[in-house]
Q: 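What follows is a single structure, and I will ask about it in a moment.
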Amino acid sequence: MITTKKCYSLLLMLVMSVSSVIAQSSISGKVSDTSGMPLGGVNVILEGTTQGAVSDFDGNYTISNVENGSYTLNATYLGYSKFTQNVTIDGESITINFTMSEDAESLDQIIVTGVTNPKSRIESSVSVTTMRPKIIQQSAPRTTAEIFRTIPGIRSESSGGEGNSNIAVRGVPVSSGGSKYVQLQEDGLPVLLFGDIAFATSDIFTRYDSNIGRIEAIRGGSASTLSSNSPGAIINLISKTGKTEGGSIGTSFGLDYGNFRTDFDYGAPIADGLYFHMGGFYRVGEGIRDAGYTANNGGQFKFNITKEFDKGYIRLYTKYLNDRAIAYLPNPIKVTGTNDDPNFSDIPNFDANNQTLHTPYLSQNVGLGESGELRRSNVSDGMNPISTSVGMEASFDLGDGFKIKNNGRFSFNKGGFNSPFPASVSTVSDFLAGDFAVDNGYDSLAYANGDGAVNGSSLIAPVVLFDTQLNNFNNFMNDIRLTKSFDKLDLTLGYFKGIQNLSMSWLWNSYLLEASGDDARLIDALDSNGDPLSVNGLVGYGAAFFGNCCQRSYDTRYNTSAPYLALAFEASENLNLDASIRFDKGQVDGSFAGPSTSVNDINNDGVISQPEQTVQSIDLSNPTTVNYDYDYVSFSLGANYKLKDNEAVFARYSRGGAAKADRILFAGLEYTNSDRINALDFINQAEIGYKRGFERGAVYATLFFAKTIEEGGFEATSNSIIENDYKSLGIEIEGSYRFSDNFNVRGGLTFTDAEIDSGDNKGNTPRRQPDFIYNLIPTFDFGSKNQNSFGLSFIGQTKAYAQDSNELVLPGFVIVNSFVNIGITEKLNASLSANNVFDTLGITESEEGSIVEGQTNYLRVRPVPGRSISLGLNYSF
C-alpha cells in the first residue's frame, strides 16, 4: 500500500514537473539597425532576471525557458540607443523583432580614452565625444582631419590634404603648426610623441579607414595626466576587434575629381575566446585639387588577433602604411577693400578653391643630399609616410581587487614631405623691381619651356620647394598600469615610456613659377643681355627666397619616462571623485647641422651656372650638440555628481605640460643648457560641465577656462620664432535629438573668448581663432525599412584674424556637405557624397597679416577645398 502511494506521489510530481516545463516558453527575434542591417553582439536580457541572450551574426536571438509572467525586455549595444519593451508570456513562445537606433551621444556608452578604468559617460568627469562610422559618414569627410571638424572645442584646419593639418582646442592656439597640445592616438597609444614636429605632424602618419570602430575625443580634463604632451585633448582612433563576425568591402570614386579608393575589413571568431580582425584601403588619383598628375597613391593594412582567458585577454596587432598624398600649401589670391572688410577673389587663371600650384612641370628636385651626394626626389611623393607597427595589449584580473593592463607598440616610421611653398605672389614688374631680382641681376623673365617672354603684368610665385626627408621617426610607446579596487576606491599606478627618434633633412631648392592653377610653367630669369641666370626655373640650390636659411639636418632622440597615480572614489551612489598626478621626465640627445655654401657643378655640364655658384648643402662636419633634460608635473582633480540616472554635472581643474621637439633647434633658442631650456609649455584649465539624456536625445555643455604659458618655437613657413602666452574663456555645447524614427539632428557649438596675454600683441585675439565654431547635421531615414538615408552637414566659423597683429580679417564661412545612402539590398548600399556643395571660399590661414587698403593685393592663403562629389558602393557581410 505504501509502495502504491509512493508511486502515485512520484507520478503526481512528474506530471507537475512536466506541466511546469510546458508552461515555460521562449522569446526570440531579430535585431536590426535603422538601415535594416542585422546587428550581432546585442545583449538582450529580461530585467530583474538572469535570463538573456546575445544576438548572432544574423541578428537572431533566443531566450529559452521563460516562465509565464510579465517582463521588461532590454537590449543594449555600444553606440546605440537602449531598446525597452514590456512583454507577457502566457504559455506560448513569442517573437519580438526590433530595430536599434545608432546613438553616439548615449550616456550609457563606456569611455576608455583619458580614464584609468572604463566608465560610462554619465559617470565620467570629462568632456568627451564619441563618433562611430555612421556618424562620421554624415559629415562627408574627405580626410582624417575633416572628421575632427565636428568635435566641439576642436578647431581642425583641414586645408592641407591628408595630413599637415593644424588642430587646436579651446582657444589654445596653433602657435607653430600641427597639433601641439592635441595628441592623436591609435588604440590608446600616441602615433608620435609630439604632435607639432615640422613636416611630420601626427596626422600624416594616421589614416581613417573601415578598420576603425569608433573615435573618442576627450578635451581638457585628465588628458593632462593620462598621456604625455596632451594637455589640450586626446583624439583616439579605436580599431574593431572581430569579436562579432562581419565585414565589408567598398569602392568609391570621384565624379568631378580624380580618385579611386577601395576599403575592406573582416573579423570573426576563430575558436572559443579567439577572434581576429583585418582590413585596409588602397587609393589612387589626382586628388580633390587639379594637380596635373597622379598625386595620391598608396594605402594601409591593419590586423589584430585577440585571445580571451577566464580573467583577461591578450591582443596582438600590426599596421603597415605606405601612402603618397599631395600636401596643399598656400594658394595665391587677390584681396581688395580694407583690412576690416576685405574682398577675397580669384586671380586670373587660378581657382583658389579647386586648384593648386603643383604642376607636372615641377616634377623633381635635384641637389645635394644630407651627406653631400647628388640626389633627386619626386615632387609627386608629396606626404609619403611609411610606417610598420607591431604591438601587444594585455589585461588581466589578478584577484583580490588587482587588475593589470599593458599596451605597448614599436613603430618603424620614415618617409618624406615634398611640396612647393610660395614665398610671395606678385606681378613680374614688381618682382623685377624687388631686392632679390636686383641683387641677382635679373632684367627680364621667360618661360623655361620656350614659350617666350613673360609679360610684366603676369602674376608669378617664387616658390621654395619644401623637400624634407623623414629619415628615422621610429618610436616605442608603452603604458602599463596596475589597479587595486577597494570597497569604493580604485587606485591606479601607471608608468609610460616613450622613445621617439627624430631624424630628418631639409633639402630645399627655389624656383620661379607662374601663378596658374592649370599646369603652371617654370620661369627663367635673364640678364640684360638675354642670357639665363637660372636653369629650367631653378634660381637657387637652397632656400634662396628665405635668405638661404634652412638647409639643415636633425638626428635627435627623445626619451620620456612618466610615472602617474590616479584615484577614483565613489563618495556616494551619485558622487564620484577622481584625482591624478603625472611626472614627465625627458632626456634629449643628438645633434643637428645647418647650411654650408659651395660651388658645385650639379648638372655635370662643365659650366658653373649662377645657381651653382652658391649651392646649399648640410655642414655635417660642424654639428651642434643637443643635450638637455627636462621634467614637469601635471595634475588633475575632478568630480561628477549624478542628479538623476540621465542627468549629471561635473567640475575639473587641471594643469598639464607639453614638451617641444625640433621647434627649438634654431638660433636664438636654448637647446644645450638644461637650466635655461625653453622646451616646455603649460596649460592651466578649469571646466564645469552638464550632461542630460532624454528619451530621444542628449545635450552636453562645458564651460571652460584655459591659461597657456608658452615659450618660443620656430615656424618654418614664416621663418620666425613665435612666443606668446594666452588665455581663453568659453563654452562648448553638443547634442542630438531624434524627432521621430526617421528624422534626427545633432550638432555642436563652441564659443571662445581668446586673448594673447604677453608681448607686443598683448590684448589681441590669437591668429586664426574665431569666436564661434559650429556644426549642424540633420539626417532623414526613409524607405520601407528605413534602409535609405539623406543628410546635410553645416560646418562653419565666424571671422578671425590672419595674424596676431589683428589687422587683416579672415571672413567667416559655412561649408555645406550632403550625403545620400540607398539600401539596394539588405547588405548592398550605394552612397553619394558631396563636400562643400556651394563651393564656398573658406580661408583658414593667411601668410600675410595685412593688406594695403585701396589697391589690389596678392596674398598666400590656405582655403578649404572646394566642391567635390563622390559615389560609393559598399557590401557588408
Q: Is R324 salt-bridged to E162, going by a charged N under 4.0 Å from an acidic O?
A: no

Q: Would you sort out whether N835 and S868 count as a side chain to side chain donor-acceptor pair (under 3.5 Å), showing the intermediate values?
A: CA-CA 5 Å; N835 204 297; S868 62; 5.5 Å; no

Q: Which heavy-atom pair separates E286 from A291 by the least distance, and what is that distance?
A: OE2-N, 2.7 Å

Q: Which is it for N548 and Y541 under the side chain to side chain donor-acceptor pair (under 3.5 Å) test, yes or no, and what are the steps along the way?
A: CA-CA 9 Å; N548 287 327; Y541 289 100; over 6 Å; no

Q: When you measure from the side chain of Q500 to the backbone of T560, do you find a donor-acceptor pair of N or O atoms at a distance under 3.5 Å?
A: no

Q: Do the side chains of N471 and S505 get nearer than 4.5 Å, heavy atoms only?
A: yes

Q: Just do the side chain to side chain donor-acceptor pair (under 3.5 Å) check on N559 and K497 with the steps written out, would you?
A: CA-CA 8 Å; N559 189 335; K497 168 62 73 173; 2.9 Å; yes

Q: What pairs of donor and acceptor atoms, side-chain ones from residues 587-597 against any protein atom, are under 3.5 angstrom apart with sequence neighbours left out?
A:
residue	atom	partner	partner atom	Å
D589	OD1	R557	NE	3.0
D589	OD1	R557	NH2	2.8
T597	OG1	Q616	NE2	2.7

Q: So, are D467 and R375 salt-bridged, with charged N and O less than 4.0 Å apart?
A: yes

Q: Within 45° of the axis and under 6.0 Å from the centre of the six-membered ring of Y282, does NZ or CZ of R261 qualify?
A: no

Q: Please answer whether the main-chain N or O of V464 pairs with a side-chain N or O of S510 as donor and acceptor at a distance below 3.5 Å.
A: no

Q: Between F301 and F303, is the ring centre distance below 6.0 Å?
A: no

Q: Could you walk me through whether N164 and T201 pass side chain to side chain donor-acceptor pair (under 3.5 Å), step by step?
A: CA-CA 6 Å; N164 192 36; T201 53; 5.0 Å; no

Q: Taking E393 for the side chain and L316 for the main chain, is one N or O donor matched with an acceptor at less than 3.5 Å?
A: no

Q: Would you please test R219 and T129 for side-chain contact (heavy atoms from CB on, under 4.5 Å) and show each step?
A: CA-CA 9 Å; R219 284 90 64 196; T129 296; 2.8 Å; yes

Q: Quick check: does any side chain N or O of D804 sit under 3.5 Å from a backbone N or O of R767, one acting as donor and the other as acceptor?
A: yes

Q: Are any of the side-chain heavy atoms of T388 and S411 separated by less than 4.5 Å?
A: no

Q: Please check this pair: side chain of R409 against backbone of N475, looking for a donor-acceptor N/O pair closer than 3.5 Å.
A: no

Q: Could you measure the distance from the CZ atom of F205 to the CD atom of E186? Nearest 0.5 Å is fine.
A: 11.5 Å

Q: Just by distance, do the side chain of T318 and the backbone of S389 share a donor-acceptor pair under 3.5 Å?
A: yes

Q: If we check side-chain contact (heavy atoms from CB on, under 4.5 Å) with V864, which of these qualifies: N353, T844, I795?
A: T844

Q: Could you point out which residue of T262, T294, N259 forms a side-chain contact (heavy atoms from CB on, under 4.5 Å) with V284?
A: T294

Q: What do you reckon, are the aromatic ring centroids of W506 and F466 less than 6.0 Å apart?
A: no

Q: Taking the side chain as everything from C-beta on, heavy atoms only, tell me whether L192 gets closer than 4.5 Å to N413.
A: yes

Q: How about Y558 and D662: does a side-chain donor come under 3.5 Å of a side-chain acceptor?
A: no

Q: Do the charged groups of D265 and K302 touch, with an N to O distance under 4.0 Å?
A: no

Q: Do K240 side-chain atoms and S210 backbone N/O form a donor-acceptor pair below 3.5 Å?
A: yes

